[in-house]
There are 2 protein chains.
Amino acid sequence: MTNGRFATALHILTLLAKQEPELLSSAYIAGSININPVLVRKEIRNLQNHGLILSKEGKNGGSTLAKPSTKILLSDIYQAVRPTTLLGRSNTPNPACPIGKQINTHIESLYSSAEEALIQQLGSQTLADFTNRFS
Amino acid sequence: MTNGRFATALHILTLLAKQEPELLSSAYIAGSININPVLVRKEIRNLQNHGLILSKEGKNGGSTLAKPSTKILLSDIYQAVRPTTLLGRSNTPNPACPIGKQINTHIESLYSSAEEALIQQLGSQTLADFTNRFS
DNA sequence: TCATACTGTAATATTATTTATTACAGTACA
DNA sequence: TGTACTGTAATAAATAATATTACAGTATGA
């Protein structure tokens with residue numbers, strides 16, 4: 001992925017974890033990340049759908065963690081922003097070529113075992129582990 | 001990464017491995033992958049720089065593997081096409097925010113250990129292992 | 001020695017993806 | 001009932017990836 005969604009999501013969750021149980025507004029969060037508030041709201045919505053965040057509408061509204069940071073794995077965050085393919089997109093090879101015809105199947109299974117390794121590694125750390133590194 | 005370079009490089013190397021020790025032209029390879037020959041030549045050049053491929057210019061020229069496919073790890077291929085950051089780019093957070101100021105350092109080290117896990121997994125298979133899966 | 005079939009590479013155009021911006025409806029509070 | 005939020009759609013702008021065109025350089029072999 002060439003986008004910054006993982007970094008953005010992690011930043012959002014770090015802020016929420018650090019200022020728990022305060023409700024933080026998307027404008028405040030966007031100011032810290034230095035991106036557009038609409039992007040933040042979209043990502044918050046997504047993290048909400050994945051059960052990591054709770055939001056409250058209306059005046060004095062905002063967002064907070066849906067569960068303690070010790071219960072949020074970094075792999076949960078990855079899964080929430082997971083790109084279609086970790087190692088990039090595949091091509092649409094020539095079906096007339098015996099290699100071209102088969103390669104995407106093999107690439108797919110390769111990608112999924114590679115991603116599995118990544119998820120295992122990310123799953124070994126919690127959001128709390130990550131935020132504790134901040135001085 | 002949103003690009004198809006890993007898939008392209010793997011496709012190139014698979015073709016070369018399967019037809020060793022023949023010299024394959026970029027036009028032939030591009031026909032199998034179904035992308036522009038110039039992209040193939042660029043990637044071949046890159047794989048050459050990484051010691052995976054040998055090329056011969058002029059008439060009847062083309063490319064072949066620089067070493068047996070049993071000696072090429074899938075992680076070597078990843079390293080050759082490695083994007084700046086596996087998990088996407090980071091933001092340029094607000095330095096006035098105590099979290100924003102530090103987060104990129106922590107994200108960087110997180111990314112590098114995640115990538116390390118991926119490389120280990122890819123390093124457990126050779127190009128020969130991959131090409132042997134083709135029927 | 002010259003036509004041919006390649007690689008190598010630069011320059012540019014096109015397309016796809018990502019991010020930013022604008023706008024506004026809906027909600028809760030005080 | 002004004003104010004400060006979320007939620008979301010629509011669109012624009014910026015960036016990244018791929019395709020295309022063009023041509024110089026190189027080796028082969030007729």
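All chains are named by letter (A, B, ...) in the order of the sequence lines, taking the proteins before the strands, and each is independently numbered beginning at 1. Only heavy atoms go into these numbers, but all of them, side chains included; no hydrogens, no water, no symmetry mates. Only a predicted model underlies this, so the values are computations on that prediction, with no experimental measurement involved.
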Value in whole Å for how far the [atom2] atom of [N] lies from [atom1] of [X]:
X: B/I35; N: D/dT20; atom1: CD1; atom2: C1'; answer: 13 Å
X: B/E43; N: D/dA19; atom1: CD; atom2: P; answer: 13 Å
X: B/L39; N: D/dT18; atom1: CG; atom2: P; answer: 7 Å

Reported [atom1]-to-[atom2] distance for the pair [X] and [Y], which is rounded to 0.5 angstrom:
X: A/L10; Y: B/I103; atom1: CG; atom2: CD1; answer: 5.0 Å
X: A/Y111; Y: A/N104; atom1: OH; atom2: CG; answer: 9.0 Å
X: A/L87; Y: A/T85; atom1: CG; atom2: OG1; answer: 6.5 Å
X: B/K42; Y: B/L39; atom1: NZ; atom2: CG; answer: 6.5 Å
X: A/S25; Y: A/L23; atom1: OG; atom2: CG; answer: 10.0 Å
X: A/I12; Y: A/L52; atom1: CD1; atom2: CG; answer: 11.0 Å

Looking at DNA chain D, which of [range] put a heavy atom within less than 4.0 Å of it?
range: residues 90-97 of chain A; value: none
range: residues 44-66 of chain B; value: B/K56, B/E57, B/G58, B/K59, B/N60
range: residues 13-23 of chain A; value: none

Open item on the list: List the residues meeting ring pair (Phe, Tyr, Trp, His ring centres under 6.0 Å) with A/Y28, not counting sequence neighbours, and say none if there are none.
Closed with: none
Task: Degree of bending in the helix from C/dT1-D/dA30 to C/dA30-D/dT1 once both end axes are built from five pairs, to 10° - done: 10°
Sequence neighbours left out, what passes side chain to side chain donor-acceptor pair (under 3.5 Å) with [X]? Give chain and number order.
X: B/D76; answer: none
X: A/S26; answer: A/R41
X: A/Q121; answer: B/S113

Task: 5′-ward residue of the pair A/R41/B/L24 relative to DNA chain C - done: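 Upstream on the strand: B/L24.
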Open item on the list: Enumerate the ring pair (Phe, Tyr, Trp, His ring centres under 6.0 Å) contacts for residues 40-61 of chain A, please, sequence neighbours excluded, ordered by first and then second residue.
Closed with: none
Task: Short side-chain N/O contact from B/S26 to OP1 or OP2 of C/dT7, under 4.0 Å - done: yes
TODO: Mark yes when over 12 heavy atoms from residues, nucleotides or ligands other than B/K101 sit less than 6.0 Å from its NZ; otherwise mark no.
DONE: no
TODO: Please indicate whether B/E108 has more than 12 foreign heavy atoms, meaning atoms of other residues, nucleotides or ligands, lying under 6.0 Å from its CD.
DONE: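 Not more than 12 within 6.0 Å, no.
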- [ ] Give every residue pair that meets the side-chain hydrogen bond (donor to acceptor under 3.5 Å, both in side chains) criterion with at least one member in residues 52-74 of chain B, sequence neighbours excluded.
- [x]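 Passing the test, one end in residues 52-74 of chain B: B/Q48-B/S55, B/S55-B/S63.
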Under 3.5 Å, sequence neighbours excluded: what are the donor-acceptor pairs made by side chains of residues 125-135 of chain B?
from   : atom 1 : to     : atom 2 : distance (Å)
B/Q125 : OE1    : B/R133 : NH2    : 2.7
B/T126 : OG1    : B/A128 : N      : 3.3
B/T126 : OG1    : B/D129 : N      : 3.0
B/T126 : OG1    : B/D129 : OD2    : 3.2
B/D129 : OD2    : B/T126 : N      : 2.9
B/T131 : OG1    : B/L127 : O      : 3.4
B/T131 : OG1    : B/A128 : O      : 3.2
B/N132 : ND2    : B/A128 : O      : 3.1
B/S135 : OG     : A/Q102 : OE1    : 3.3

- [ ] Can you check each nucleotide of nucleotides 10-15 of chain D against protein heavy atoms at under 4.0 Å and return B for base, S for sugar-phosphate only, - for none, in 5' to 3' order?
- [x] ------
